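Only a predicted model underlies this, so the values are computations on that prediction, with no experimental measurement involved.
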Amino acid sequence: MTALAETTADLAVHNGLTEITRFAGVGTAVSESSYSQSELLEILDIEDPKIRSVFLNSAIDRRFLTLPPEGPGGARAAEPQGDLLDKHKKIAVDMGCRALEACLKSAGATLSDLRHLCCVTSTGFLTPGLSALVIREMGIDPHCSRSDIVGMGCNAGLNALNVVAGWSAAHPGELGVVLCSEACSAAYALDGTMRTAVVNSLFGDGSAALAVVSGDGRVPGPRVLKFASYIITDAVDAMRYDWDRDQDRFSFFLDPQIPYVVGAHAEIVIDRLLSGTGLRRSDIGHWLVHSGGKKVIDAVVVNLGLSRYDVRHTTGVLRDYGNLSSGSFLFSYERLADEDVARPGDYGVLMTMGPGSTIEMALIQW
């Protein structure tokens, strides 16, 4: 065994994972209806040339959305906050259940094998949390332990993986699942402003689930070696979902400069992630980056010296689904798994970005 192999083999232990946590399966689901960007412009009756340009130059072909019902004359009116919360509950639970079913099938497991469920969402607030609703809906053993990560935003999928990897290391042989379910349709405002247009041109509905297990060398998926986090405290307000008094509801805000801010700080996080491993960026064979938007992907590519091939799944998910918030990187991982190009010994980096402003990374090895 080489010195590099010895170093990376010990990484999980050095980072608190006393048992090696591996990916056991992945599954995804979306809402019922999809629309092209051109179709959305017509449905939402958007005529402003600047706003139309935002939609049409987004590098997105289609997104899955649950739009407001048609009113008199076919117009779509903004829904009150109470209706949006109901929408979130319905769509997030439905997609989440289907993604979990697909994930367990991928892992060769059943509902009875599930021991911990960690649910992630930022597109609505639920008490009891999404985990309790999914457990009830699917008839999962009520002794199943659970956790909910709410409101962390697009980066939260890796925060959840960090939590479940720790749980898994403490419960070797038992199955844990990270479930990200984002009903972005339930967080839409329809007010004709550029602030709204930036958000409405980007996000789509989607749910993704990742099964993990420790202490079982027969699991063929990659193992988790290390995590790294960074909060850009000077940009705390650059991405937020807060109360809009004019709209009397919650709404998203994305600062136009955020792609460049995230890109400029990406090197700090990758350097910390690889520190002490003996690895260089050129040793990373697979990059799974959050599909945050064309500009943020471009900024990450430039600042980390990546190729378009490196982010092919990131850009493909953006094209076919838009920004799916916390579960985007798992849609990319599913495509990589289906592609079947990763070989034993290959290294990969998972990267998510979101409010905080926050960058999260994980190092994995097949």
Would you kindly say whether Ser58 and Ser201 are connected by a side-chain donor-acceptor distance under 3.5 Å?
no
Any residue meeting salt bridge (Lys or Arg N to Asp or Glu O under 4.0 Å) with Arg136, in chain and number order, not counting sequence neighbours
none
Residues in ring-ring contact (aromatic ring centres under 6.0 Å, His included) contact with Tyr241, at least two apart in sequence or another chain
Phe250, Phe252
Check Asp83 with Lys90, please: is the shortest side-chain N to carboxylate O separation under 4.0 Å?
no
Closer than 4.0 angstrom, basic N to acidic O: yes or no for Asp94 and Arg98?
yes
Could you tell me whether Arg240 and Asp242 have a side-chain N and a carboxylate O separated by less than 4.0 Å?
yes
Answer whether the closest heavy-atom distance between the side chains of Val261 and Ile232 falls below 4.5 Å.
yes
Check the side chains of Ser326 and His290 for a donor-acceptor pair under 3.5 angstrom, ignoring hydrogens and angles.
no
Answer yes or no: are there more than 12 heavy-atom neighbours, outside Arg280 itself, under 6.0 Å from its atom CZ?
no
Residues Ser31, Asp205; criterion side chain to side chain donor-acceptor pair (under 3.5 Å); working and verdict:
CA-CA 6 Å; Ser31 55; Asp205 297 338; 2.9 Å; yes
With no hydrogens and no angle check, do the side chains of Asn57 and Ser53 hold a donor and an acceptor under 3.5 Å apart?
yes
Just by distance, with hydrogens left out, do Ser36 and Ser38 show a side-chain donor and acceptor under 3.5 Å apart?
no
For salt bridge (Lys or Arg N to Asp or Glu O under 4.0 Å), just list the numbers for Glu47 and Arg52, CA-CA rounded to whole Å, side-chain angles, deciding distance to a tenth of an Å, and then say yes or no.
CA-CA 7 Å; Glu47 297 182 354; Arg52 291 181 68 90; over 6 Å; no
Can a salt bridge be assigned to the pair Asp141 and Arg115 using a cut-off of 4.0 Å between side-chain N and carboxylate O?
no
Could you go through Trp366 and His286, starting from their C-alpha distance and side-chain angles, then the distance that decides it, and tell me whether this counts as ring-ring contact (aromatic ring centres under 6.0 Å, His included)?
CA-CA 10 Å; Trp366 279 260; His286 309 284; 5.0 Å; yes
Between Thr352 and Glu360: side-chain donor-acceptor atoms closer than 3.5 Å
no
Is it true that His171 and Ser214 share a donor-acceptor pair across their side chains at a distance under 3.5 Å?
no
So, Lys87 and Glu79, do they make that salt bridge, N to O below 4.0 Å?
yes
For residues Arg63 and Gln37, is any side-chain donor paired with an opposing acceptor at under 3.5 Å?
yes
